[in-house]
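Working notes for the structure below.
All chains are named by letter (A, B, ...) in the order of the sequence lines, taking the proteins before the strands, and each is independently numbered beginning at 1.
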There are 2 protein chains.
Amino acid sequence: MDQLEFHIERLRAAGLRPTKQRLAICKSLFNKKETFHFTIEKLKKIVEKDSRKKISLATLYNTVHSLKNRGYLKEISIKGNKTFFDTNTKHHHHFYDERMSQLVDIEDKNILVGNLPKAPNGKKIKSVEVLVKIV
Amino acid sequence: MDQLEFHIERLRAAGLRPTKQRLAICKSLFNKKETFHFTIEKLKKIVEKDSRKKISLATLYNTVHSLKNRGYLKEISIKGNKTFFDTNTKHHHHFYDERMSQLVDIEDKNILVGNLPKAPNGKKIKSVEVLVKIV
DNA sequence: TTGGTAATTTATAACCATTCTAAAGTAGAG
DNA sequence: CTCTACTTTAGAATGGTTATAAATTACCAA
Ligand SMILES: [Mn+2]
Ligand SMILES: [Mn+2]
Ligand SMILES: [Zn+2]
Ligand SMILES: [Zn+2]
């Protein structure tokens, strides 16, 4: 089963038809050796460079959101005017250089969070994210 | 030294003249028994209710940013369309209920973060923030 | 006190990432 | 191949935030 089939698989799982545009997005997202962080504008540049075709912003927004909702991408909880996404979907944390708007992964095993108090009013803990700001 | 003098002090320290509008903002921010989290729109409602006067958005944005820059308020690193501020300027962490857009403090002593890897490329760690999402 | 001047307030416009819209194009079942 | 539902796209709308510039106010010096 080659990469292409995986992309088709992913798109179908996200409830999306495997169109040319969506496959181009998947290639740029998932055919890389390393995971990476991106904004929509940055992804647009990457996909258009990789595929040598224009792609509309609307398609990028729609596809990225669908892939995120299906769990193939993560949205990163960072304040800022632009939203960051992550092709690393494993549980992990981040260094964040605000000046550069640049993220670096911290593997889950390389950080320890303990003594968590329990959530208020019978709420349940959904995730624990550590953000280490650096300068 | 009463509260008013403290407000004037804070404003002067932030490089701001103590005007009626800015003092009204300070009263609504710092005369409460408990610290709290707010968005600009929410603060506008609070200040206008407390002071029974209209206040422009621009003045709120400017004053809140100046107070933040001087360290009298904290901006909270949470993704979302609106920016959250915090009158609790001590080092602490947060529970966050995304559905309700509601924050609850976690005191620093009530959470333990260990084994932090060192920052990349000779960068320095500026802060370590834990965000616990709840549902 | 009184001007004079710089700071401030305000309404409104501009900005810009994101979402919405609706028309034109396309995929794929049958 | 045809039909229909889905998709793509350009452009408009949205909404929080920031910029602008005219009217107002604070406050120092005379
Ligand atoms: Mn989103
Ligand atoms: Mn800000
Ligand atoms: Zn990451
Ligand atoms: Zn807080």
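When the P atom of D/dC27 is taken as reference, atom NZ of B/Lys20 falls 11 Å away, rounded to whole Å. When the P atom of C/dA17 is taken as reference, atom NE2 of A/His65 falls 15 Å away, rounded to whole Å. Between the CZ atom of A/Arg22 and the C1' atom of C/dT26 there is a distance of 11 Å, rounded to whole Å. A straight line from CG of B/Leu11 to C1' of D/dC27 spans 16 Å, rounded to a whole angstrom. In this structure, the CG atom of A/Leu60 is 14 Å from the C1' atom of D/dA10, given to the nearest Å. For the pair A/Leu23 CG and C/dA27 C1', the computed distance is 12 Å after rounding to whole Å. One can place CG of A/Asn69 at 14 Å from C1' of C/dT19, the figure rounded to the nearest angstrom. In this structure, CG of B/Asn62 is placed 13 Å from P of D/dT17, rounded to the nearest angstrom.
Closest to the A/Tyr61 side chain, of the nucleotides C/dA17, D/dG16, D/dT18, is C/dA17. Looking at the side chain of B/Thr59, the nearest of the listed nucleotides C/dT18, D/dG16, C/dT10 is C/dT10. The listed nucleotides are C/dA17, D/dT9, C/dT9; the one nearest the side chain of A/Ala58 is D/dT9.
With hydrogens and angles left out, the side-chain atoms of A/His92 and A/Asp105 include a donor and acceptor closer than 3.5 Å. Under the 3.5 Å distance criterion, with hydrogens and angles disregarded, no donor-acceptor pair is assigned to the side chains of A/Lys20 and A/Ser51. For the residue pair B/Asp86 / B/His94, a side-chain donor-acceptor distance below 3.5 Å is found, with atom types taken as modelled. Between the side chains of B/Thr59 and B/Ser56, a donor-acceptor pair is found at a separation under 3.5 Å. Donor-acceptor pairing under 3.5 Å is lacking for the side chains of A/Thr39 and A/Glu41. If you check the side chains of B/His7 and B/Asn31, you find a donor sitting under 3.5 Å from an acceptor.
At the phosphate of C/dT26, neither OP1 nor OP2 sits under 4.0 Å from any side-chain N or O atom of A/Gln21. The side chain of B/Arg17 places no N or O atom within less than 4.0 Å of a non-bridging phosphate oxygen (OP1 or OP2) of C/dA6. For C/dA27, the OP1/OP2 oxygens have no side-chain nitrogen or oxygen of A/Thr19 closer than 4.0 Å. OP1 or OP2 of C/dG28 lies within a sub-4.0 Å distance of a side-chain N or O belonging to A/Arg12.
Remark: nothing in residues 39-57 of chain B comes within less than 4.0 Å of DNA chain D through any heavy atom.
Judged purely by atom type and a 3.5 angstrom limit, A/Asn88 uses its side chain to pair as donor or acceptor with the backbone of A/Lys90.
Nearest-nucleotide assignment on DNA chain D puts the 5′-proximal partner with B/Asn81, out of B/Asn81 and B/Pro18.
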